[in-house]
Amino acid sequence: MIVGVHPIAGFDKLLHYKVPARLEDAVAVGSLVRIPIGRRFTLGIVGVVGAPSDFPIDRLKNLTDLVYDFPALPADLLELAKWMAVYYAAPLDGIIETMLPGAVRRAAGLKQEKLIALGTALDDEALAKLEKRAPQQAKLYRFITQQFKPVAKNLVLKRLGVGAGSANALIKQGALREMSQQVKRVAYADDFSEGELVAALPHLLNAEQQAAFDALKVEIAKDEFGVTLLQGVTGSGKTEVYLRAIHEALADGGGVVFLVPEVALTPQTVARLRSRLESIAPDHACVVWHSHLSEGERVDGWHELATGQARIVVGARSAIFAPVQNLRLIVVDEEHEPAYKQDETPRYHGRDVAVMRAKLNGAHCLLGSATPSLESYANAQAGRYKHLHMKQRIDDRELPFIDVVDMRIEIMRSRGLTTLSQKLVHGMQDRFEKKEQTILFLNRRGYSSSMMCRSCGHVEECPHCSISMTYHRTDESLRCHMCGHERGAPVRCPKCEAPDIRWRGTGTQRVEEAVTRVLPRARIERMDTDTMSKKNRFRQVLSEFRAGKIDVLVGTQMIAKGLDFPNVTLVGLVDADMSMHMPDFRATERTFQLLVQVAGRSGRGDRAGVVIVQTFTPQADAIQFSRHADFDGFAEGELKIRKDFQYPPYRHLIHHSFRGPNPEKLLFFAEQWARLVEKEFPDQLEVRGPAPSPIEKVKDHYRFQVWYFTHGVSRVIGKLNQKRREFAWPDDVIQVMDVDPVNLG
DNA sequence: AGCACGCCGACT
DNA sequence: GTCGGCGTGCTC
């Protein structure tokens with residue numbers, strides 16, 4: 001029997017090995033095996049059974065060992081890994097590595113045992129000397145000389161009552177040899193502790209939940225691939241629908257993966273979910289999977305799933321790689337969350353991988369969100385996903401005190417450039433007098449301005465990137481900070497021809513200045529990348545703010561990192577719409593939500609915390625605020641897009657980086673790349689900015705980068721990989737840095 | 001990733 | 001003459 005193995009050794013090539021007769025029955029596709037490679041040993045995953053086509057069979061080596069007698073990377077995960085390698089232009093071995101828990105990669109489960117055997121034999125004289133000077137050592141030595149094969153070190157020492165020191169001394173002088181061998185660990189004792197079974201009441205479903213569940217039940221019963229987008233406002237009880245669907249899949253004998261964003265994996269959440277799931281399927285343990293588990297815990301859970309003792313896993317992003325058998329359902333909660341994206345190679349999106357894994361297994365994938373991502377929404381609109389709605393809240397709670405200020409009116413009133421509305425200014429002054437605090441949020445740093453039409457609200461955006469163009473005073477131009485697109489600054493509005501163009505100063509610096517003007521005695525601190533360059537500054541400012549030494553904090557996204565400010569009773573979103581024009585508007589949305597929570601928590605008696613939202617465009621009417629708690633109390637206050645909000649169409653922004661040690665070679669790649677784009681992708685690919693970018697030196701290697709937009713990621717990357725082979729580019733020369741959906745209005 | 005091989009400058 | 005720098009290529 002001959003098998004092809006993917007080594008986990010830092011390179012990406014299928015190597016073939018002969019399988020020793022004793023292992024033939026147990027080795028199969030997906031097995032984790034130990035292989036000799038060069039003069040060392042590593043682990044590898046069996047990828048195919050069969051002889052190589054381009055390598056002489058008589059030169060094949062034997063594989064050394066089988067680590068587990070079950071497939072460590074089941075066929076579906078191996079397929080998934082191959083798909084990911086193409087889709088994310090990442091080396092396959094790296095992907096396989098991320099799919100396996102670290103301990104498994106190091107062949108844990110195999111206990112190391114030290115053996116000792118005879119080394120260079122001592123002559124009689126030396127033995128006699130030893131006998132006299134070190135009787136313990138002599139005793140051990142004599143015992144070993146009587147053995148036919150190496151013996152377990154700890155066993156022998158215990159039997160003979162000899163200390164480890166004696167053995168080590170003999171080993172050191174060469175009379176004995178020490179070696180280690182791996183021993184199969186005894187199967188895990190099934191001792192998962194009975195978590196207090198929190199009263200796991202089967203909640204009654206309301207009409208909407210029931211309708212959603214009925215629809216899902218049909219989908220799951222089909223036993224074929226499909227995706228459902230469950231769009232339900234927060235508090236509409238999505239979780240209960242998930243649980244019913246999971247029950248359905250488990251009852252069918254299937255396996256389930258339940259993904260949640262990492263932040264949602266609090267101990268309470270996990271405990272509650274776990275007790276509910278285990279009451280649904282009492283025979284099957286629920287494995288919890290996240291980055292804070294100890295290595296042992298993770299291996300145990302992995303083992304239970306891989307052997308079929310457990311059929312359901314709840315976890316963050318990487319839980320999508322759990323070796324769940326007979327997969328029938330994957331649930332991705334809060335599918336829009338950016339936490340599903342991995343920011344290191346291999347860069348992948350947990351939700352997209354989930355959809356693909358469902359496809360490979362003929363399973364159903366359920367995506368849930370109150371505010372679906374653009375790509376999921378677009379897929380639902382296009383009919384590729386089934387779209388379910390839940391619009392009704394289970395319990396209506398009071399709304400936070402949220403004021404939306406129309407800045408167009410504000411500007412007319414003040415007849416000039418306005419950064420802070422009257423309402424916000426009065427609010428801040430009031431807080432200052434009461435010794436309470438204010439946070440002003442604006443996700444643009446610096447002093448730069450953007451152009452905006454005063455009569456129609458039009459914001460000039462980059463035609464390629466959809467971000468607002470930045471005004472550069474030096475040469476009277478508008479520039480895109482993303483792709484470098486440039487045009488002369490217009491005199492009248494490009495849309496309605498009105499001459500009322502306003503150059504809005506919306507950077508944090510300008511906000512800080514404005515606050516100083518209206519609150520001259522207040523202590524103001526600005527927090528953005530410009531001011532936080534020093535390492536400890538960030539923590540220092542946050543702790544000072546918390547201690548009340550700062551009255552007003554002006555900041556960008558980064559203030560969302562330490563949001564525990566009980567004395568903040570006013571939050572100002574200085575420019576709500578500009579934020580919504582940014583490509584990463586969801587991150588901004590998230591910051592909004594967190595800030596609304598801050599205000600929601602800090603009410604004073606009968607006086608609720610206040611959020612003042614400043615906005616210029618009618619589009620902001622689509623922004624709606626609400627305050628309520630989800631099932632786990634995770635969201636206390638939330639901003640969301642109103643349900644009839646029109647999602648803009650989207651494309652993907654792809655960022656590739658080409659790297660290598662040789663600049664001349666890289667230059668050659670760059671030229672080939674340019675020719676490739678010209679010839680192969682005239683309509684699918686729109687390369688932006690200098691393409692390719694100049695070659696630059698980074699640490700010990702060189703690189704150039706390319707950004708482009710595309711409607712079909714897999715098509716383009718597939719083509720690119722094909723060309724890579726044709727051009728004989730090295731495997732690792734291309735790296736996908738990022739694949740991001742971009743909204744283009 | 002390791003490791004060998006091979007091609008050039010420095011030097012016990 | 002050899003030692004050793006790293007650039008290049010291979011590992012079944």
Side-chain angles (χ1 to χ4, degrees), chain A residues 1-24 26-67 71-73 78 81-82 84-85 88-108 110 180 182 344-347 657-670 672 695-704 724-736:
Chain A
M1 181 164 152
I2 293 169
V3 291
V5 178
H6 296 285
I8 305 175
F11 65 95
D12 223 359
K13 198 171 178 224
L14 191 70
L15 303 180
H16 290 259
Y17 292 87
K18 286 188 283 193
V19 181
R22 72 190 158 91
L23 297 176
E24 281 204 358
V27 170
V29 170
S31 296
L32 183 65
V33 291
R34 179 172 299 278
I35 49 170
I37 176 160
R39 53 171 59 181
R40 67 212 152 99
F41 291 88
T42 26
L43 297 178
I45 293 288
V46 174
V48 291
V49 176
S53 53
D54 53 353
F55 195 84
I57 287 172
D58 54 341
R59 276 181 55 205
L60 292 184
K61 290 183 183 173
N62 271 333
L63 60 81
T64 319
D65 205 0
L66 175 66
V67 180
L73 205 69
L78 193 59
K82 286 178 187 167
M84 283 177 72
Y88 295 112
L92 184 62
D93 79 304
I95 293 167
I96 289 176
E97 238 174 275
T98 52
M99 284 184 164
L100 297 171
V104 172
R105 260 178 281 143
R106 268 165 272 122
L110 293 187
S180 55
Q182 267 134 8
E344 303 153 1
T345 9
R347 289 161 189 271
S657 139
F658 290 64
R659 50 182 69 212
N662 183 335
E664 280 93 54
K665 231 177 185 177
L666 212 60
L667 191 66
F668 177 67
F669 294 150
Q672 280 189 324
I695 288 174
E696 52 183 336
K697 183 155 188 180
V698 189
K699 282 189 204 153
D700 54 343
H701 62 273
Y702 294 84
R703 74 156 184 219
F704 70 89
R724 187 190 69 192
R725 255 165 265 140
E726 196 180 300
F727 287 155
W729 287 345
D731 284 350
D732 55 354
V733 77
I734 312 173
Q735 293 194 329
V736 169

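Computed from a predicted structure; not experimentally measured. Proteins come first, then strands; the chains are lettered A, B, ... in the order of their sequence lines, and each starts at number 1.
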Could you tell me the separation between the CG atom of A/Asp58 and the NZ atom of A/Lys18, rounded to the nearest 0.5 Å?
8.0 Å
Working to the nearest 0.5 angstrom, can you tell me the gap between A/Ile8 CD1 and A/Asp93 CG?
8.0 Å
Backbone of A/Pro56 reached by a side-chain donor or acceptor of A/His16 within 3.5 Å
no
CG/A/Leu78 to NE2/A/His6 distance, rounded to the nearest 0.5 angstrom?
5.0 Å
How would you give the extent of chain A contacts on DNA chain B, as first and last nucleotide 5' to 3' within a 4.0 Å heavy-atom cut-off?
B/dA1 to B/dA4
Rounded to the nearest 0.5 Å, the CD1 atom of A/Ile96 sits from the CZ atom of A/Arg105 at a distance of 11.5 Å
Where the side chain of A/Tyr17 meets the backbone of A/Pro36, is there a donor-acceptor pair that is under 3.5 Å apart?
yes
Could you walk me through whether A/Phe11 and A/Ile37 satisfy the side chain to side chain contact (heavy atoms under 4.5 Å, CB included) test, starting with their C-alpha distance in whole Å, then the side-chain angles of each, then the deciding distance to 0.1 Å, before giving a yes or no?
CA-CA 12 Å; A/Phe11 65 95; A/Ile37 176 160; 3.2 Å; yes
Rounded to the nearest 0.5 Å, what separation is found between the CG atom of A/Leu32 and the CG atom of A/Leu66?
8.0 Å
Protein-nucleotides 4-9 of chain C N/O pairs closer than 3.5 Å?
none

Distances for protein N or O near nucleotides 10-12 of chain C N or O, under 3.5 Å:
from, atom 1, to, atom 2, distance (Å)
C/dC12, OP2, A/Lys61, NZ, 2.9
C/dC12, O3', A/His16, O, 2.6
C/dC12, O3', A/Lys61, N, 2.8
C/dC12, O2, A/His16, N, 2.7
C/dC12, N4, A/Lys13, NZ, 3.0

Hey, mind stepping through A/Leu100 and A/Ile45 against side chain to side chain contact (heavy atoms under 4.5 Å, CB included) and telling me if it holds?
CA-CA 11 Å; A/Leu100 297 171; A/Ile45 293 288; 4.2 Å; yes
Mind checking the CZ-CD1 spacing from A/Phe41 to A/Ile35? Nearest 0.5 Å is all I need.
10.0 Å
